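On a predicted model such as this, the values are computed, not experimentally measured, just so you know.
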Amino acid sequence: MNLELDLVATLPVLAPLVAAVLVLLLDAAVPGRREPHLLLAAGGLAAGALGTWPGLRLGAGDRRGAFCLPTGECLYTADRLTSVLQLTALLGALVVLVLAWDDWRQRSVTGRAPVVAALVLGATAGAAAVPAAGDLGTLLVSLELATLPTVALVVLADPRWTSGHPGPGPWTGRWPS
C-alpha cells in the first residue's frame, strides 16, 4: 500500500504546528522573554497563510491532495474554498496575536505567554485542517486538534490562575456580587 505525500499542500496546517513546537523549545532554551516567542508564533501563522496561496490560484473543480491512497481517495484535500477558509483562520489567529501583544508584554510572574502562543497555534492548525478533511477520521482528528487547545485557553483565562489566589470555593448556586 503506497501513500502519496504532498507536504506542500499541508503547509497551512503544518506551519502553525511546527511553530508551536518551536515556541515551546524556545521557551525551554530562553525562558522569561516573550518577544522571540511571539515573533516565532507570528512567523508560523504568516508561513501558513502563505501556504494557502497555491490553493487560492486553483481553478474551478481543481484540488490539491495529500496523504492520497492508491484508490485516489485523499485524506487531505484542498480546493479554492478550503484555501479561503484556511487563510481566514490563519489571519484571524494573527489578528488575535497582534491584539494580545501589548497584554503579553506586561510583566507576569507565571510566564505563560509561550504556552498561550503554542495553544493558539495548535488551535489554529486544527481550524485550518477541518475544511481540508477528506474523510471522517481526518475530520475527527482535526476537530480534536482545534478544540482541545481552545479548552486549555479557556481554562488559562481563569483569573485564579493568573492572580495566584485560590479563588472561591465550589459553586454555591449564587452569582458573585
Side-chain angles (χ1 to χ4, degrees), residues 2-27 34-101 104 112-154 156-157:
N2 293 335
L3 187 66
E4 180 187 330
L5 271 161
D6 183 11
L7 295 180
V8 176
T10 62
L11 189 61
V13 176
L14 287 181
L17 286 177
V18 169
V21 171
L22 291 177
V23 162
L24 293 176
L25 288 175
L26 184 64
D27 185 42
R34 297 181 190 168
E35 288 80 12
H37 304 94
L38 298 176
L39 286 173
L40 185 60
L45 291 171
L50 287 175
T52 63
W53 182 252
L56 295 173
R57 297 176 50 111
L58 290 174
D62 293 338
R63 66 179 178 91
R64 297 183 307 160
F67 307 110
C68 295
L69 302 172
T71 61
E73 179 187 5
C74 294
L75 304 180
Y76 180 96
T77 58
D79 57 3
R80 187 184 307 160
L81 177 62
T82 302
S83 296
V84 168
L85 293 173
Q86 289 174 331
L87 183 63
T88 303
L90 291 161
L91 291 180
L94 191 59
V95 167
V96 166
L97 197 67
V98 169
L99 289 176
W101 193 281
W104 287 349
R112 68 183 186 142
V115 174
V116 171
L119 288 171
V120 167
L121 288 167
T124 305
V130 167
D135 67 334
L136 182 61
T138 307
L139 177 65
L140 293 175
V141 169
S142 301
L143 285 172
E144 287 295 324
L145 182 59
T147 56
L148 289 178
T150 305
V151 169
L153 285 168
V154 169
L156 288 178

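In this structure the side chain of L90 reaches within 4.5 angstrom of the side chain of P16, judged on heavy atoms.
The side-chain hydrogen bond (donor to acceptor under 3.5 Å, both in side chains) check on T52 picks up nothing, with sequence neighbours excluded. Scored by the side-chain contact (heavy atoms from CB on, under 4.5 Å) test, V84 finds L56, T88 as partners (sequence neighbours excluded). Contacts of L148 classified as side-chain contact (heavy atoms from CB on, under 4.5 Å), with partners at least two apart in sequence or in another chain: E144. Listed by chain and residue number, nothing satisfies the side-chain hydrogen bond (donor to acceptor under 3.5 Å, both in side chains) test with T77 (two or more places apart in sequence, or in another chain). Remark: P54 pairs with R64 by the side-chain contact (heavy atoms from CB on, under 4.5 Å) rule, at least two apart or across chains.
Rounded to the nearest 0.5 angstrom, L94 CG and L99 CG are separated by 10.0 Å. L17 CG to L22 CG: the interatomic distance, rounded to the nearest 0.5 Å, is 11.0 Å. Interatomic distance, L91 CG to L97 CG, rounded to the nearest 0.5 Å: 12.0 Å.
When all heavy atoms of A66 and T10 are compared, the pair lying nearest together is CB-CG2, 3.6 Å.
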Do any side-chain atoms of residues 36-49 form donor-acceptor pairs under 3.5 angstrom with protein atoms, and if so which ones, sequence neighbours left out?
{"from": "H37", "atom 1": "ND1", "to": "R33", "atom 2": "O", "distance (Å)": "2.4"}
{"from": "H37", "atom 1": "NE2", "to": "D27", "atom 2": "N", "distance (Å)": "3.2"}

Extract all donor-acceptor atom pairs below 3.5 Å that involve side chains of residues 121-137 and protein atoms in other chains or at least two apart in sequence.
{"from": "T124", "atom 1": "OG1", "to": "V120", "atom 2": "O", "distance (Å)": "2.7"}
{"from": "D135", "atom 1": "OD1", "to": "T138", "atom 2": "N", "distance (Å)": "3.1"}
{"from": "D135", "atom 1": "OD1", "to": "T138", "atom 2": "OG1", "distance (Å)": "2.4"}

